[in-house]
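Please read the structure below before turning to the comments.
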There are 2 protein chains.
Amino acid sequence: MTAVNESTSPPTRRQQIIQVAAELFAERGFHGVSIYDLGAAMGTSGPALYKHFASKDALLGAMLVDISETLLAEGTARARAARSDGPDAELAALIAWHVEFALTRPALITVQFRDLASAAEADRRSVRRLQRRYVELWVAAITAAVGTDEPHARSAAHAVFGLINSTPHSARLDGDDMAGLLRRMAVAALHAAG
Amino acid sequence: MTAVNESTSPPTRRQQIIQVAAELFAERGFHGVSIYDLGAAMGTSGPALYKHFASKDALLGAMLVDISETLLAEGTARARAARSDGPDAELAALIAWHVEFALTRPALITVQFRDLASAAEADRRSVRRLQRRYVELWVAAITAAVGTDEPHARSAAHAVFGLINSTPHSARLDGDDMAGLLRRMAVAALHAAG
DNA sequence: GACCTAGGTTAGCGCTCGATAACCACGCGT
DNA sequence: ACGCGTGGTTATCGAGCGCTAACCTAGGTC
């Protein structure tokens, strides 16, 4: 529901918990992190979590939905802003946004495609609906810029997500260098999908 | 220790268990699958597992090591076979092999980069050692074919793994079409890494 | 035909986890 | 001055898990 940056408001406790939990989940997986681990990492202990989330599953759900909403909302905004500069610029904007997100929030990226299966059915459906819209944004940009048919554009989009999302596993170059590398590889890969 | 295809011998029970477990782990994650789930999927019940593996962790370890050994062994063989045809052919052979593996064994690919964190320390070390050798194989081929420096080649290799490994998450085209798409995208992405 | 071994069975132990209950302290509006 | 909501605490419960123990075959060997 709430976006990651609620404009100027200081981060609420829920958001703090989500951030800390994301790091732990990324390291050890959702089922590998206990409520007590979470409390310890927060400086509180154990069941304090339940003052902010109805369950451990609800925490995961909120985290995953937040990520998907951020990706979609910012992606939509940036694509629209670049649209007047042509299809290539729009695609470049999407790529730049996804690369930026993956490099600055590796934990979120990791959790998103690692622990989605652990989420409750309802949350999983919400996330997939948002993800589908995000993919459609890419598919539109790819077909416009490269001229592929839709099915290939869809598979190519997923492949490029995999390419960009690989950063958490890779011994990193420094940030800007890595961002440039990923952007160039993504553009080239997509142009080869035609 | 034993490769996936022990030539002509029928699959031993251990290998059957590993295959069945891989499917379940890929769906629900290592911690999301209980010993009893495993037994049920095997047609036996529960603790029968311990006649074949010392622990649930040992099963995961054997699975992960098997995957890494297969990738490295076959990758080494194919790269050597193609080497006489030049650097581009060697790189193409590596790409073709990885694509083939990812398309025919999606569950193994998923577990490999999802549940490695759940493995015991010793197994994790073994797997990482094998993975590192596999990456070095790619780095050598990439630097020879494209002319990048080593750090960029290493990051590019990881990115291409992510690209190819994304197939389990993608609504699939038919096999050959998907394989071709991935190969083209991988080649283009690597040539853009220079 | 006795015997071992490979591969199963069920019962149950001990521990960890998620979740709840009951209680407590501070800050703030009236 | 007081009441109450907010966000914490500890104790505890119940379930599910990994794993072990003890026992039971069938098949092959001498």
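Quick caveat: nothing in here was measured; it's all calculated off a predicted structure. Side chains are part of it too, since the values below use all heavy atoms of this structure and drop only hydrogens, waters and symmetry mates. The sequence lines fix the lettering, A, B, ..., with proteins before strands; numbering per chain opens at 1.
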[X] [atom1] to [N] [atom2]: how many Å, rounded?
X	N	atom1	atom2	answer
B/M42	C/dT9	CE	P	10 Å
A/K51	D/dG5	NZ	P	13 Å
A/L59	C/dC17	CG	C1'	15 Å
A/H52	D/dT9	NE2	C1'	13 Å
B/Y50	D/dC17	OH	P	12 Å
B/L49	D/dT20	CG	P	11 Å
B/D37	D/dA15	CG	P	18 Å
B/H31	C/dC17	NE2	P	10 Å

Side chain of [X] only, please: which of [options] is the nearest?
X	options	answer
B/S45	C/dC17, C/dA19, C/dT9	C/dT9
A/Y36	C/dG12, C/dC17, C/dA19	C/dA19
B/A48	D/dT9, C/dT9, D/dT20	C/dT9
A/T44	D/dT9, C/dA19, D/dG18	D/dT9
B/P47	C/dT20, C/dA11, C/dC17	C/dA11

Is a salt bridge present between A/R78 and A/E74, judged by a nitrogen-to-oxygen distance below 4.0 Å? yes

Does a side-chain N-to-carboxylate-O contact under 4.0 Å join B/R133 and B/E136? no

Between A/F113 and B/F113, what is the ring plane arrangement, given parallel below 30°, perpendicular above 60°, and tilted in between?
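Ring orientation, 0 to 90° scale: tilted.
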
Query raised in the report: In terms of side-chain heavy atoms, does B/Q112 have a donor or acceptor partner in B/S68 at a distance below 3.5 Å?
Result: yes

> Is NZ or CZ of A/K56 both nearer than 6.0 Å to the six-membered ring centre of A/F30 and within 45° of the ring axis?
Replying inline: yes

Any side-chain N or O of A/K56 under 4.0 Å from OP1/OP2 of C/dG18? yes

